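Take a look at the structure below.
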Protein chains: 2
Amino acid sequence: MDERKETTNATGWVDGETKVLEAPGDHGAELRLWLRLLTCSTLIETEVRRRLREEFDSTLPRFDLMAQLERASEGMVLGEVSKRMMVSPGNITVLVERLAESGHISRTTSPTDRRVQIIALTPFGRAEFEKMASAHADWIADLFGGLAPKDGAVLLDELAKLKRSIVASLGKGS
Amino acid sequence: MDERKETTNATGWVDGETKVLEAPGDHGAELRLWLRLLTCSTLIETEVRRRLREEFDSTLPRFDLMAQLERASEGMVLGEVSKRMMVSPGNITVLVERLAESGHISRTTSPTDRRVQIIALTPFGRAEFEKMASAHADWIADLFGGLAPKDGAVLLDELAKLKRSIVASLGKGS
DNA sequence: CAGAGAAACTTCAAGCTTAAAGTTATTTTC
DNA sequence: GAAAATAACTTTAAGCTTGAAGTTTCTCTG
């Protein structure tokens with residue numbers, strides 16, 4: 001990419017290594033961590049989006065939706081897709097419209113409940129998805145390739161702990 | 001939040017813990033890692049966006065842009081902001097318009113180069129930003145609060161390694 | 001110093017995303 | 001069995017985001 005310093009688009013603290021703003025409670029360590037986490041996932045996500053667009057003329061949301069459908073051979077209800085993708089129902093409506101238009105998914109109204117829409121990959125959609133998924137796995141493997149297996153294992157473990165911390169913190173609020 | 005299983009909105013592989021799809025090259029470990037990383041950063045980002053909206057009627061992009069300006073007392077050129085935030089120039093144009101409208105930033109044409117726009121926080125904008133930044137630091141500290149200091153240090157270190165891997169991989173392609 | 005080229009935005013078309021409000025259909029309650 | 005509540009979307013308004021094309025303003029070459 002380029003030689004740009006570490007920056008972020010979600011905290012605003014430039015160069016987390018050396019210049020994190022000192023908050024009253026001195027939350028510098030957490031901010032630095034968050035910044036670095038965000039930098040990594042932004043870099044990866046941006047690259048994945050770019051390649052999906054350039055190599056498959058597709059987008060990440062489309063890919064994600066198809067991925068949800070991939071192992072649901074009987075199809076899936078819109079609400080379930082919405083929950084799994086953690087996005088709003090209205091969002092799914094739009095995505096589904098486009099994917100149906102392009103022939104990647106089929107759409108039927110449930111015979112037992114006319115409120116319910118069931119979507120499923122078409123054979124064409126499945127074939128397209130498989131191509132994308134295979135390439136996607138390679139891209140990710142490449143991006144993580146410089147990480148020693150041991151580091152990968154440690155990172156996976158630490159991220160599990162972080163996730164528990166996040167979920168616990170979110171839980172308190174509700 | 002809720003008791004939903006680990007899911008993602010950028011890979012489609014549900015429940016990274018147990019069910020990652022086996023790619024031909026067996027990239028399961030990397031996919032699992034990516035999924036977990038993404039889950040963490042999505043959870044945090046979603047929460048930060050929610051709170052910025054609810055507590056400050058603001059958005060993450062706005063906050064980010066103001067954060068870039070926060071330590072640039074002399075103001076900053078749009079192009080520089082765009083680079084630091086890693087977003088497109090067109091995006092900055094729109095954000096700047098709105099922030100100028102709401103009185104958070106000022107905007108002047110450079111006296112030496114009429115192509116160049118210089119933006120800076122207004123006193124009002126600075127005051128608003130400081131409130132937000134302080135709250136933001138608290139939110140992050142909360143979300144990471146369940147992580148032992150030692151785990152934080154390890155995570156920071158592993159993420160540095162990951163970032164190097166990513167940057168190296170991106171560099172190869174160009 | 002004129003024309004070519006590069007820079008720094010701005011505009012445009014398209015798509016993603018959300019919260020909130022609106023529809024339609026099913027279930028629950030009295 | 002109607003009215004009320006609930007569910008499952010869909011629609012709407014607003015904002016974010018991008019890549020590509022367009023405009024204006026320097027800067028560089030010959």
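Source: prediction; values computed, not measured. Chain letters run A, B, ... following the sequence lines, proteins first and then strands; every chain starts at 1.
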Is any side-chain N of the basic residue among [X] and [Y] closer than 4.0 Å to the acidic one's carboxylate O?
{"X": "Lys131(B)", "Y": "Glu128(B)", "value": "yes"}
{"X": "Arg50(A)", "Y": "Glu47(A)", "value": "yes"}
{"X": "Lys161(A)", "Y": "Asp157(A)", "value": "yes"}

Tell me the interatomic distance from [X], atom [atom1], to [N], atom [atom2], rounded to whole angstroms.
{"X": "Met76(B)", "N": "dA8(C)", "atom1": "CE", "atom2": "C1'", "result": "16 Å"}
{"X": "Phe63(A)", "N": "dC16(C)", "atom1": "CZ", "atom2": "P", "result": "15 Å"}
{"X": "Met85(B)", "N": "dC16(D)", "atom1": "CE", "atom2": "P", "result": "10 Å"}
{"X": "Glu97(B)", "N": "dC9(C)", "atom1": "CD", "atom2": "C1'", "result": "11 Å"}
{"X": "Asp57(A)", "N": "dA14(C)", "atom1": "CG", "atom2": "C1'", "result": "12 Å"}
{"X": "Ile92(A)", "N": "dA7(D)", "atom1": "CD1", "atom2": "P", "result": "19 Å"}
{"X": "Arg62(B)", "N": "dT17(C)", "atom1": "CZ", "atom2": "C1'", "result": "15 Å"}
{"X": "Gln117(A)", "N": "dT23(C)", "atom1": "CD", "atom2": "C1'", "result": "13 Å"}

5' precedence on DNA chain C between Pro89(A) and Arg114(A) (nearest-nucleotide basis): Pro89(A)
OP1 or OP2 of dC16(D) under 4.0 Å from side-chain N/O of Asn91(B): no
dC16(C) phosphate, OP1 or OP2, under 4.0 Å from Thr59(A) side-chain N/O: yes
Need one value for [X]: base, sugar-phosphate or nothing, where a base atom within 4.0 Å counts as base even if backbone is also close, heavy atoms only.
{"X": "Arg98(A)", "answer": "sugar-phosphate"}
{"X": "Arg49(A)", "answer": "nothing"}
{"X": "Gly90(A)", "answer": "base"}
{"X": "Ser82(B)", "answer": "nothing"}
{"X": "Asp113(A)", "answer": "sugar-phosphate"}
{"X": "Arg107(A)", "answer": "sugar-phosphate"}

Side-chain donor-acceptor pair present, Gln117(B), Thr109(B), cut-off under 3.5 Å: yes
Ignoring the backbone of [X], work out which of [options] is nearest its side chain.
{"X": "Val87(A)", "options": "dC26(D), dT18(C), dG19(D)", "value": "dT18(C)"}
{"X": "Arg53(A)", "options": "dG19(D), dT10(C), dT10(D)", "value": "dG19(D)"}
{"X": "Arg115(B)", "options": "dT10(C), dC16(C), dA7(C)", "value": "dA7(C)"}
{"X": "Leu95(B)", "options": "dT17(D), dC16(C), dT10(D)", "value": "dT17(D)"}
{"X": "Val77(A)", "options": "dC9(D), dG15(C), dG15(D)", "value": "dC9(D)"}

Earlier contact from the 5' end, DNA chain D, for Arg50(A) and Ile118(A): Ile118(A)
Ile119(A) vs Leu99(A) side-chain heavy atoms within contact, under 4.5 Å: no
OG1-CE distance between Thr122(A) and Met66(A), expressed to the nearest 0.5 angstrom: 9.0 Å
